[in-house]
S.K.: 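Structure in structure tokens, see below.
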Amino acid sequence: MSALDELKQAQMKPADQIPKFEVGDTVRVSFRIVEGEKERVQAYEGIVIGRHGGVGPDASFTVRRVAYGEGVERVFPLHSPRVEKVQVTREGRVRRAKLYYLRERRGKAARVKGREKPSAARK
Amino acid sequence: MVKALLGKKVGMTRIFGEKGRMIPVTLVEAGPCPVVQRKNSETDGYEAVQLGFGEKKLKRVTKPMQGHYAKADAAPARVLREFPVEPDSELNTGDKVTVDMFEAGDRVDVAGFTKGRGFAGVIKRHGFKGGPASHGSNHHREPGSVGQAADPSRVFKNMKLPGRMGNKRVTTQNLEVVYVDAEKNVIAVRGAIPGANGGFVEVRKSVKGS
């Protein structure tokens, strides 16, 4: 294995720590934020509208939510140490890999079929 | 002490640095470089060391060069490069320079040959904007006017025109060393460096920074 591959490998989270979720799931991402000296964890909840790069070292995922009437999408690197955990609060059943069509929909039309996950912690 | 190394560009990736920030890095496999010749002011008129890097089959080395390597008791190298040193430098033939001399946080310059792009037009080569794509335009990727008329009756020198692009020695200055792996002879610098993966590069102490 080349030095480059080794380095990439080293950047990845161990397999058992890679968060498990799928496109269409509603997730709660605990994101570590460093403000000067202080460090706190911020939660961001929304629908996973896409995953990129599988589970490889460069993998990332996009989470969409509508906040105060405005659509917000955030891209998180899957292996970032700042992504503390990803909880699935609702499992979604979808028929495509990228849910970009949600961007053109509002309100009831922008829903994803699925079922609540009772086990997951909800606020 | 000479602050320069010869190496090979391995490739780019990104790593999570301090505070989980993503850092783009280029890996360079550098050294260990044997000192093949030590030049001094008495015999050569200036002070320098000649470093070697890479392997070369003995049968591909000419007889005179075989003698040159034998003198330093070094294996034939793919590339030889000279770097200036102070007169009191203790480096001598047979010594080896390694990535040890750099550490994370240092600033380096990296020189290499850029990827050759062949005969390139003016848009790719000089960043011209080009003409309109449509509305009856027939002026798409052309250079346009190259000068005046009867006076001066010629095209000025250094006019930006199509031609060979790339495959030119370029130095990227003031790159931060992200980390050094002495065991694998690997050094990672922040950002991009010239050339294709597997290309030969020189890593020097930065002229500007530190």
Side-chain angles (χ1 to χ4, degrees), chain A residues 1-19 21 27-45 48 50-63 72-87, chain B residues 5-33 53-55 98-100 102-104 108 110 112 115 175-201 203:
Chain A
M1 198 155 67
S2 80
L4 184 65
D5 293 333
E6 275 176 42
L7 176 63
K8 281 183 175 170
Q9 212 70 41
Q11 295 303 312
M12 288 167 62
K13 288 178 182 170
D16 56 325
Q17 277 175 37
I18 297 174
F21 58 91
V27 294
R28 201 176 162 79
V29 182
S30 303
F31 194 63
R32 205 188 286 261
I33 291 180
V34 185
E35 288 169 326
E37 290 291 284
K38 266 185 279 178
E39 208 183 83
R40 64 194 178 81
V41 175
Q42 193 184 62
Y44 178 87
E45 190 165 358
V48 179
R51 293 190 59 155
H52 313 263
V55 288
D58 288 339
S60 63
F61 58 98
T62 307
V63 182
V72 178
E73 284 176 17
R74 285 183 71 173
V75 182
F76 298 98
L78 187 66
H79 296 288
S80 169
R82 288 172 68 185
V83 174
E84 203 150 83
K85 58 181 173 182
V86 180
Q87 288 168 300
Chain B
L5 262 183
L6 308 176
K8 198 173 89 175
K9 175 171 168 180
V10 178
M12 286 194 76
T13 184
R14 44 189 184 181
I15 61 170
F16 296 107
E18 209 184 321
K19 292 180 181 170
R21 255 168 211 269
M22 202 101 97
I23 305 173
V25 293
T26 310
L27 286 196
V28 179
E29 208 182 299
C33 302
F53 176 75
E55 287 169 19
T98 61
V99 288
D100 281 346
F102 295 114
E103 57 179 68
V108 293
V110 179
K115 284 183 186 172
L175 295 165
E176 183 190 336
V177 175
V178 180
Y179 74 82
V180 176
D181 189 336
E183 219 165 277
K184 293 188 198 122
N185 290 309
V186 160
I187 154 171
V189 296
R190 187 189 180 114
I193 65 174
N197 291 347
F200 162 73
V201 291
V203 183

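From a predicted model like this one, the values you see are computed outputs, not experimental measurements. Chain A is the first sequence line, chain B the second, and so forth, proteins listed ahead of strands; every chain is numbered from 1.
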S.K.: Sub-3.5 Å donor-acceptor pair from the side chain of A/Arg82 to the main-chain atoms of B/Arg21, do we have one?
M.R.: no
S.K.: Given a strict heavy-atom distance threshold of 4.5 Å, which part of B/Met12 is in contact with chain A: side chain, backbone, both, or neither?
M.R.: backbone
S.K.: Report which part of B/Ile15 has an atom under 4.5 Å of a heavy atom belonging to chain A: side chain, backbone, both, or neither.
M.R.: both
S.K.: Work out which heavy atom in A/Pro81 is nearest to a heavy atom in B/Gly20; give both atom names and the distance.
M.R.: CG-CA, 3.8 Å
S.K.: If you count heavy atoms of other groups shown closer than 6.0 angstrom to CD of B/Glu183, is the number above 12?
M.R.: no
S.K.: Any chance NZ of B/Lys9 has more than 12 other-residue heavy atoms, nucleotides or ligands included, within less than 6.0 Å?
M.R.: yes
